[in-house]
Amino acid sequence: MMLKIEMLTVETVGALKPLLLELADYHNQTALNFRGLYPLVCADEKIRTLQRGISAGKTVAAVLAVDHAWKGFCVFSHTDICGSIDYLYIRQELRGQGAGKMLMQWMLERLERLPLKLLELKVVCGNTEAERFYEHYGFAARTITMAKELK
């Protein structure tokens, strides 16, 4: 199995929509709270936000392809001193086989070239697999974001 990372452009990032929706479904399954609310921002709006960020040079998006089939993706963004891993998603069939590690290392190599002081990310409460993965890379809780569903 040949894994390949392919960067996305303003023109190609729209094809991420199915993977963004898969990630939302995964969050709805794993979340301790607020199941059924994902995605919080519709995929089309998220695509437009990614296009603006890529165009401005502040966002990088890439897919993990196996024989030209997309099996995962990552997105990171940055300001002057703070970076953010916005997405890292691997389809179930590739989890535990080094695909997430490959995307994470790819992102970290690029982020470490920037003059950043802090790198952040968010994990849905209940996604313990992701928590362990990120802790392995040195991430630790800095804040707790709390939410309340309004009816």
Shortest non-hydrogen contact between [X] and [Y], atoms and distance:
{"X": "Ala31", "Y": "Val124", "result": "CB-CG1, 3.5 Å"}
{"X": "Ser77", "Y": "Thr59", "result": "CB-OG1, 3.7 Å"}
{"X": "Leu32", "Y": "Gly126", "result": "CG-CA, 3.5 Å"}
{"X": "Tyr26", "Y": "Arg95", "result": "CE1-NH1, 3.2 Å"}
{"X": "Ala62", "Y": "Ile5", "result": "CB-CG2, 3.8 Å"}
{"X": "Ala43", "Y": "Lys17", "result": "CB-CG, 3.8 Å"}

To the nearest 0.5 Å, what is the distance between [atom1] on [X] and [atom2] on [Y]?
{"X": "Leu3", "Y": "Leu64", "atom1": "CG", "atom2": "CG", "result": "5.0 Å"}
{"X": "His68", "Y": "Met2", "atom1": "NE2", "atom2": "CE", "result": "10.0 Å"}
{"X": "Asp86", "Y": "Leu121", "atom1": "CG", "atom2": "CG", "result": "9.5 Å"}
{"X": "His78", "Y": "Lys58", "atom1": "NE2", "atom2": "NZ", "result": "5.5 Å"}

Does the side chain of [X] reach to within under 4.5 Å of the side chain of [Y], using non-hydrogen atoms?
{"X": "Phe34", "Y": "His27", "result": "no"}
{"X": "Leu111", "Y": "Arg113", "result": "no"}
{"X": "Leu118", "Y": "Arg142", "result": "yes"}
{"X": "Glu149", "Y": "Asn33", "result": "no"}
{"X": "Leu23", "Y": "Phe73", "result": "yes"}
{"X": "Leu16", "Y": "Tyr89", "result": "no"}
{"X": "Phe139", "Y": "Glu120", "result": "no"}
{"X": "Leu103", "Y": "Ile90", "result": "yes"}

Whether the side chain of [X] engages the backbone of [Y] through a donor-acceptor N/O pair (distance < 3.5 Å, no angle test) should be reported.
{"X": "Gln51", "Y": "Val10", "value": "yes"}
{"X": "Arg91", "Y": "Trp70", "value": "yes"}
{"X": "Asn28", "Y": "Arg35", "value": "no"}

**Report entry** Derivation of the salt bridge (Lys or Arg N to Asp or Glu O under 4.0 Å) call for Lys71 and Glu6
**Finding:** CA-CA 11 Å; Lys71 300 294 185 177; Glu6 301 171 5; over 6 Å; no
Report task. Check whether more than 12 heavy atoms from other residues, nucleotides or ligands sit under 6.0 Å from atom NZ of Lys122, and answer yes or no. Result -> no
Report task. List the steps, then state whether side chain to side chain contact (heavy atoms under 4.5 Å, CB included) holds for Phe133 with Thr128. Result -> CA-CA 8 Å; Phe133 177 82; Thr128 55; over 6 Å; no
Query raised in the report: Would you call Arg132 and Glu135 a salt bridge, using N to O less than 4.0 angstrom?
Result: no
Query raised in the report: Are Phe76 and Leu108 close enough, and set up right, to give a side chain to side chain contact (heavy atoms under 4.5 Å, CB included), and what steps lead you there?
Result: CA-CA 10 Å; Phe76 68 84; Leu108 290 174; over 6 Å; no
